[in-house]
Amino acid sequence: VTPTTTPTSLRFTPQRRAIYDVLCESEDHPTAGDILERVQRRVPGIGAATVYRTLAWLVQSGQAAELRLGEADATRYDRSVHRHDHLVCVQCGQVEDVHVPLDHKLLDELAGPTSFQPSGYDVQIHGRCARCAAANAHNVGGIA
Ligand SMILES: [Zn+2]
Ligand SMILES: [Zn+2]
């Protein structure tokens, strides 16, 4: 008996699993290009189209999130789909997860004058990461 092929649209194939594993191990919110490079080290010969399709599938099925930092930046991928915010280093581009509890009164204050009804929020805090801040201090002779 020839084994019947089961629909793969909702299943993890070995390739999809490898892509998901790479994303889960990445704390740095990689771009699709970063993920492709990392997956290729593990699964030689895996195609870019497969990686891009799988990332779209992971986002659609709620297993990963997209992160857009700005129009000029490539879409990043986030292994965490739970609500959280981001610290974005303007110097090296590092993106770190952070949880910023926003006072609900702030949202109410916003809703008042604008008649806008907020349902959620996304915060990106721009600045310098610890490493860049330390490097800057070092460059100006701040560290003996
Ligand atoms: Zn930095
Ligand atoms: Zn994140």
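Start at 1 and go down the list; that is how both ligands and their atoms are numbered. In this text the structure is predicted, and so the values were computed from the model without any measurement. Every heavy atom of this structure was used, including side-chain atoms; hydrogens, water molecules and symmetry mates were not.
Shown here for I19 and T50, the closest heavy-atom pair between the two residues is CD1-O, 4.1 Å.
With a 4.5 Å cut-off on side-chain heavy atoms, T31 and I35 do not count as touching. Put simply, the side chain of N136 reaches to within 4.5 Å of the side chain of R128, judged on heavy atoms.
When only modelled atom types and interatomic distance are considered, H99 and D85 share no side-chain donor-acceptor pair under 3.5 Å.
Tested against E25, the residues R79, R41, R38, R42 include a single salt bridge (charged side-chain N to carboxylate O under 4.0 Å, His left out) partner, R42.
With waters left out, the protein N, O or S atoms under 2.8 Å from the Zn ion (ligand 2) add up to 5.
Geometry about the Zn ion (ligand 1) gives an angle of 110° between SG of C129 and SG of C92, rounded in steps of 10 degrees. Considering the Zn ion (ligand 1) as centre, the angle to SG of C132 and to SG of C89 is 110° (10° rounding).
You'll find the ring centres of F12 and W57 inside the 6.0 Å limit. Between H86 and H84, the gap from one ring centroid to the other is short of 6.0 Å.
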